[in-house]
Each structure stands twice: as C-alpha cells, then as structure tokens.
S.K.: 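Pasting in a structure now, in structure tokens, and then I'll have a few things to ask.
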Amino acid sequence: VIILLIGVYDLDAGVFNVLCSEYKDTPVLTIGTQRECDEFSTLFMRDDFENLLRPLDNADVLSAACRLLDIPVPNGKAAQETVYDSRRHILVVDDNPLTLRNLKSILEDHYKVSLANSGMKAMTSIGKERPDLILLDYEMPVCDGRQTLEMIKADEEMCDIPVIFLTGVNDREHIEAVLKLQPAGYLLKPVVQDMLLEKIEQAITDSEQMD
C-alpha cells in the first residue's frame with residue numbers, strides 16, 4: 001500500500017483502522033512532508049511502514065517499495081518499465097522539432113510530457129492516453145491549431161481538456177482570433193519558462209474546480 005499524504009486528512013480516518021486490523025501483514029509506504037509524516041504517525045500505529053519525504057523521484061519510491069517487500073530492486077530497462085509516472089501529463093503539439101525539444105526540456109522536471117508534431121498525431125496521442133493539459137501551436141500546416149482545437153471540443157471525451165495556445169504572431173487581429181476559440185490561455189513564442197509553468201498550473205487548477 002502506498003499512501004500519498006497530500007489531502008489524506010480529508011479522508012475517513014477509518015481507513016487507518018482498516019489497514020491496522022484487516023491488513024496487518026501488508027506493508028505501508030507513506031509519502032509526504034516531514035509535518036505530514038509526523039501527523040500520519042499519530043494515526044497509524046504500526047512498525048512495518050516507512051515514510052518517504054518529499055521531494056523525491058520515482059527511483060526512491062521503487063527502492064522503498066522493494067525494501068518493504070524484501071525483493072531486489074529492478075535495474076536498467078526493467079526499472080523504467082516498472083515505475084509509473086504519476087505526475088500531471090502535458091501534451092505538446094508543434095510542427096517545429098526545436099520548439100518541441102525546448103518545451104520538453106522546460107517541462108520534464110515538473111510533468112510527464114508527450115510530444116506530437118501535427119494536429120492529427122495529437123488526436124491519436126490523446127486517444128491513447130488522455131493528457132491533463134495540451135500546449136497547442138496555433139500555426140501548423142495541414143491541420144492548424146484552430147482545426148485541432150475544434151476536433152478536441154467536438155469529442156465529448158476530450159472536450160474538457162484545457163488547451164493553451166502557443167503563437168509566434170503578435171498582432172491584435174491574430175490574438176483576437178485566438179481568443180475567440182476560448183482556449184484556457186495563450187502564450188507568445190518564445191515562451192518564458194516561469195510564465196509557462198504558471199499558466200499551466202492555473203489552467204489545470206481551473207479545470208479541476210469546474211469538475
């Protein structure tokens with residue numbers, strides 16, 4: 001059992017009693033800040049669990065889980081396949097390979113990142129794994145950002161995914177055309193890292209509040 005302590009105190013405290021009474025032989029791994037871990041320890045009186053302090057990476061979680069289960073830690077490709085990336089998933093759509101690489105380097109320390117170099121490939125990617133947010137280039141050949149957003153909004157399983165437009169054209173008429181499509185936001189290229197991260201977090205938060 002792995003318990004992420006963010007918001008855990010909003011749960012019915014009975015979950016801790018169940019773990020103690022009915023799952024006495026099941027190891028428990030908790031992940032949180034020092035304060036969260038200290039508070040959790042007052043609710044969960046067992047010796048066979050381990051606390052991990054945030055921030056940490058997937059390798060730390062994998063090592064701790066294997067330690068509790070008394071099994072070897074996988075290495076190399078096996079370890080990569082074993083660890084599930086639970087971070088927010090961002091899909092970046094742009095026909096420029098350099099832009100894709102730059103945005104990936106900005107985002108990959110904070111989010112799980114997927115890339116698509118066309119609107120149609122973006123639709124295929126969304127169908128395979130739904131992202132939490134899409135960064136979408138407005139100016140693309142064949143299927144541009146407007147057409148891609150229209151396809152996303154036309155699909156009832158995708159229509160509520162927040163989309164932030166990226167555009168390299170900075171004139172009033174162009175920006176007004178972008179805003180008419182009612183995206184979750186837009187940014188001018190080249191993007192400023194802090195502004196990009198702030199826009200993403202705000203758009204995801206607004207989307208979750210609407211749910």
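From a predicted model like this one, the values you see are computed outputs, not experimental measurements. Just the heavy atoms: all of them, side chains too, but no hydrogens, waters or symmetry mates, feed the values below.
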S.K.: Please list, one pair per line, the donor and acceptor atoms closer than 3.5 Å that link side chains of residues 191-204 to other protein atoms, with sequence neighbours excluded.
M.R.:
unit_1	atom_1	unit_2	atom_2	d
Glu201	OE2	Tyr111	OH	2.5
Gln202	NE2	Asp206	OD1	2.7
Gln202	NE2	Asp206	OD2	3.3

S.K.: Which atoms form the tightest heavy-atom contact between Val113 and Leu115, and what is the distance?
M.R.: CG1-CD2, 3.9 Å
S.K.: Roughly how far apart are Asp94 CG and Lys104 NZ, rounded to 0.5 Å?
M.R.: 15.0 Å
S.K.: Could you go step by step and tell me if Thr30 and Leu52 meet the side chain to side chain contact (heavy atoms under 4.5 Å, CB included) rule?
M.R.: CA-CA 6 Å; Thr30 59; Leu52 293 181; over 6 Å; no
S.K.: So do Tyr186 and Leu166 actually touch side chain to side chain, heavy atoms under 4.5 Å?
M.R.: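 Not touching, per the 4.5 Å side-chain cut-off.
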S.K.: With no hydrogens and no angle check, is any side-chain donor or acceptor of Ser63 less than 3.5 Å from a backbone partner on Asp60?
M.R.: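 Side chain of Ser63 to backbone of Asp60: no pair is present.
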S.K.: Is any NZ, NE, NH1 or NH2 atom of the basic residue among Asp137 and Lys189 found under 4.0 Å from an Asp or Glu carboxylate oxygen of the other?
M.R.: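 So Asp137 pairs with Lys189 through a salt bridge.
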S.K.: Indicate yes or no for a side-chain donor-acceptor contact from Ser125 to the backbone of Lys121 under 3.5 Å, with no hydrogens or angles considered.
M.R.: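 Side chain of Ser125 to backbone of Lys121: no pair is present.
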S.K.: Could you walk me through whether Thr167 and Glu139 pass the side chain to side chain donor-acceptor pair (under 3.5 Å) check?
M.R.: CA-CA 7 Å; Thr167 176; Glu139 301 92 12; 2.7 Å; yes
S.K.: Could you check if a side-chain atom of Pro131 sits within less than 4.5 angstrom of a side-chain atom of Ile161, using non-hydrogen atoms only?
M.R.: yes
S.K.: Determine whether a donor-acceptor pair (N or O, by modelled atom type, separation under 3.5 Å) exists between the side chain of Glu208 and the backbone of Thr205.
M.R.: no
S.K.: Report the distance from atom OG of Ser114 to atom CG of Leu135, rounding to the nearest 0.5 Å.
M.R.: 11.5 Å
S.K.: I'd like to know whether Arg130 forms a side chain to side chain contact (heavy atoms under 4.5 Å, CB included) with His89, so could you lay out the CA-CA distance, the side-chain angles of the two residues, the decisive distance to 0.1 Å, and finally the verdict.
M.R.: CA-CA 8 Å; Arg130 176 190 169 96; His89 179 202; over 6 Å; no
S.K.: Could you tell me which non-hydrogen atom of Asn117 sits nearest to which non-hydrogen atom of Leu100, and how far apart they are?
M.R.: CB-CD1, 4.1 Å
S.K.: Does Thr99 use its side chain to pair, donor to acceptor, with the backbone of Asp95 at less than 3.5 Å?
M.R.: no
S.K.: I'd like to know if Arg87 and Glu108 make a salt bridge, using a cut-off of under 4.0 Å between side-chain N and carboxylate O.
M.R.: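 Looking at Arg87 and Glu108, the cut-off is not met.
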S.K.: Kindly determine whether Arg88 and Leu133 satisfy side chain to side chain contact (heavy atoms under 4.5 Å, CB included), including the steps that lead there.
M.R.: CA-CA 8 Å; Arg88 302 289 193 188; Leu133 181 137; over 6 Å; no
S.K.: How far apart are the closest heavy atoms of Val142 and Gln147, and which atoms are they?
M.R.: O-OE1, 3.1 Å
S.K.: How long is the gap from CG on Leu136 to OG1 on Thr148, to the nearest 0.5 Å?
M.R.: 5.5 Å
S.K.: What's the spacing between Ser207 OG and Asp160 CG if we round to 0.5 Å?
M.R.: 6.0 Å
S.K.: A side-chain contact here means heavy atoms from C-beta on lying under 4.5 Å apart; do Leu29 and Leu68 qualify?
M.R.: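 Yes. Closest side-chain heavy atoms under 4.5 Å.
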S.K.: Scan residues 150-159 for pairs that pass side chain to side chain donor-acceptor pair (under 3.5 Å), counting only residues two or more places apart or in two chains.
M.R.: Arg146-Glu150
S.K.: Quick one, Met123 with Cys143, criterion side chain to side chain contact (heavy atoms under 4.5 Å, CB included). Give me CA distance, side-chain angles, the key distance, then yes/no.
M.R.: CA-CA 11 Å; Met123 298 302 295; Cys143 182; over 6 Å; no
S.K.: When you compare the side chain of Glu129 with that of Lys112, does any pair of heavy atoms fall below 4.5 Å?
M.R.: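 Sidechains of Glu129 and Lys112: in contact.
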S.K.: Going by ring-ring contact (aromatic ring centres under 6.0 Å, His included), name the residues that satisfy it together with Tyr138, two or more places apart in sequence or in a different chain.
M.R.: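 Testing Tyr138 for ring-ring contact (aromatic ring centres under 6.0 Å, His included), a comparison that skips the adjacent residues, returns Phe165, His174.
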S.K.: Would you call Met140 and Val93 a side-chain contact if the rule is heavy atoms closer than 4.5 Å?
M.R.: yes
S.K.: Might you point out which heavy atoms bring Ala122 and Leu91 nearest each other, and give the distance in Å?
M.R.: O-CD2, 3.9 Å
